[in-house]
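Given the structure is predicted, the values throughout are model-derived calculations rather than measurements. Start at 1 and go down the list; that is how both ligands and their atoms are numbered.
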Amino acid sequence: MNLKQKYGQTAMIAGASEGIGAAFATLLAAEGMDLVLIARRLQPLQQLAHLLENKYKINVIYISCDLSAIDAVKEIEGILDGKEISLLVFNAALSVIGPFINNSAEIYSQMVQLNMVTPLNMLHVFGEKMLTKGKGAIVLMTSMAGLQGSGFLSVYAATKAFNRVLAESLWYEWKDSGVDVIACCAGATSTPGFKNTRPEKTGFFTPRVMDPEEVANECFKKLGRQPSFITGRGNRIASFFMQKILPGKVAVNIMGDTTRKMYRL
Ligand SMILES: NC(=O)c1ccc[n+]([C@@H]2O[C@H](COP(=O)([O-])OP(=O)(O)OC[C@H]3O[C@@H](n4cnc5c(N)ncnc54)[C@H](OP(=O)(O)O)[C@@H]3O)[C@@H](O)[C@H]2O)c1
């Protein structure tokens with residue numbers, strides 16, 4: 001699918017400087033789309049922007065912004081000054097691993113703001129413009145952790161469930177209006193964020209850790225075809241057992257036990 005032909009000239013990636021966000025940016029640049037890249041740290045953003053501009057002869061705007069700030073979307077709207085966004089990927093997220101009670105309510109509020117409220121505000125602003133234009137695309141990055149209760153990832157998993165349900169609902173509402181929405185439910189993916197958590201391999205049957213490029217590539221293949229999808233065959237098989245074969249209680253236990261082992265809790 002030619003994304004530029006189908007959706008338009010400019011893609012915005014929120015959480016773009018590394019990992020899956022950078023993979024999305026690189027694929028979209030290779031399609032010839034201009035980019036708006038957002039993250040907090042300026043240096044990796046600048047580096048990626050220059051690399052993509054030189055390699056693909058596209059225009060890249062980069063914005064250093066903390067997307068967990070309450071007025072983040074207003075700030076970005078102001079900087080863009082009416083610039084049309086044809087494709088939006090909301091990728092940034094905060095994840096805290098460990099017993100629920102060991103972390104502060106403040107950090108959970110920040111997580112809710114970044115993982116739920118900011119994407120919601122972004123969808124409202126840019127989704128409305130896409131609907132008026134009659135074309136556009138939105139990708140919400142979510143996680144297999146959000147497919148059931150996930151002990152030791154409780155608040156993160158709940159925010160990811162929110163994103164999946166939101167994307168699926170809007171896929172239905174907007175499917176005849178030219179605006180495609182998809183939730184990308186990733187399993188373990190080899191990104192700086194994932195590696196920093198120093199996970200331990202939990203067993204022979206654990207699905208393989210995917211590369212960010214595979215995730216982004218698969219997502220654009222599924223965009224416009226379905227409301228949500230799970231990345232990678234191994235993850236889909238695991239999820240089939242967890243969601244369709246095993247009783248809910250067993251699935252929740254497996255998820256909690258796996259996280260406990262993975263993070264030596
Ligand atoms: N990696 C996995 O195994 C995995 C599995 C399931 C789902 N996911 C989902 O996939 C997405 C990407 O994960 P990832 O592993 O690629 O993450 P990552 O390596 O931690 O990268 C996240 C990107 O978002 C930016 N970011 C983080 N917090 C931000 C904030 N407050 N404001 C603005 N930008 C921010 C980071 O740049 P700065 O630090 O410079 O801001 C970075 O560019 C997330 O939604 C995650 O939940 C990942």
Is there a heavy atom of [X] sitting under 4.0 angstrom from any atom of ligand 1?
X: F90; result: no
X: C65; result: yes
X: K160; result: yes
X: N196; result: no

Q: Kindly work out whether a path of hydrophobic side-chain contacts (I/L/V/M/F/W/Y, heavy atoms less than 4.5 Å apart) joins L67 to V112.
A: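 Yes, one cluster joins them.
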**Q.** With sequence neighbours excluded, residues passing side chain to side chain donor-acceptor pair (under 3.5 Å) with E218
**A.**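 Here the qualifying residues are K222, R236.
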Q | Pair F100 and Y108, ring centroids less than 6.0 Å apart | A |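 That pair passes the under 6.0 Å test.
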Among all protein heavy atoms, pick the one closest to [atom] and tell me residue, atom and distance.
atom: atom 17 (O) of ligand 1; value: T191 OG1, 4.4 Å
atom: atom 22 (C) of ligand 1; value: N91 ND2, 4.3 Å
atom: atom 29 (C) of ligand 1; value: R40 NE, 3.4 Å
atom: atom 6 (C) of ligand 1; value: A186 O, 3.3 Å
atom: atom 24 (O) of ligand 1; value: G15 CA, 3.2 Å
atom: atom 10 (O) of ligand 1; value: M141 CE, 3.4 Å
atom: atom 34 (N) of ligand 1; value: A39 CA, 3.5 Å
atom: atom 43 (O) of ligand 1; value: S17 OG, 2.6 Å

Q. Could you go step by step and tell me if Q226 and S228 meet the side-chain hydrogen bond (donor to acceptor under 3.5 Å, both in side chains) rule?
A. CA-CA 6 Å; Q226 48 197 88; S228 63; over 6 Å; no
For ligand 1, find out whether one of its N or O atoms is nearer than 3.5 Å to an N or O atom of [X].
X: G21; answer: no
X: L67; answer: yes
X: S143; answer: no
X: I20; answer: yes

Q: Decide, yes or no, whether a salt bridge links R264 with E200 under the criterion of side-chain N to carboxylate O below 4.0 Å.
A: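 Result for this pair is yes, salt bridge flagged.
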Any donor-acceptor pair under 3.5 Å linking the side chain of [X] with the backbone of [Y]?
X: T259; Y: M255; answer: yes
X: Q113; Y: S68; answer: no
X: T189; Y: G187; answer: yes
X: S86; Y: Q9; answer: yes
X: N54; Y: H50; answer: yes
X: S154; Y: G151; answer: no

Q: Could you pull out the closest heavy-atom pair between N115 and A93, with the gap in Å?
A: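 It is OD1-CA, 3.3 Å.
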Under 4.0 Å from a heavy atom of [X]: which atoms of ligand 1 are those, numbered in the order shown and with their elements?
X: G19; answer: 16 (O)
X: F194; answer: 1 (N), 3 (O)
X: T142; answer: 7 (C)
X: A93; answer: 44 (C), 45 (O), 47 (O)
X: A16; answer: 43 (O)

(Q) Is it the case that over 12 heavy atoms from other parts of the model lie below 6.0 angstrom from the NZ atom of K74? (A)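 Not more than 12 within 6.0 Å, no.
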Q) Out of S68, A188, G187, who gets a non-hydrogen atom closest to atom 5 (C) of ligand 1? A)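 Looking at heavy atoms only, the winner is G187.
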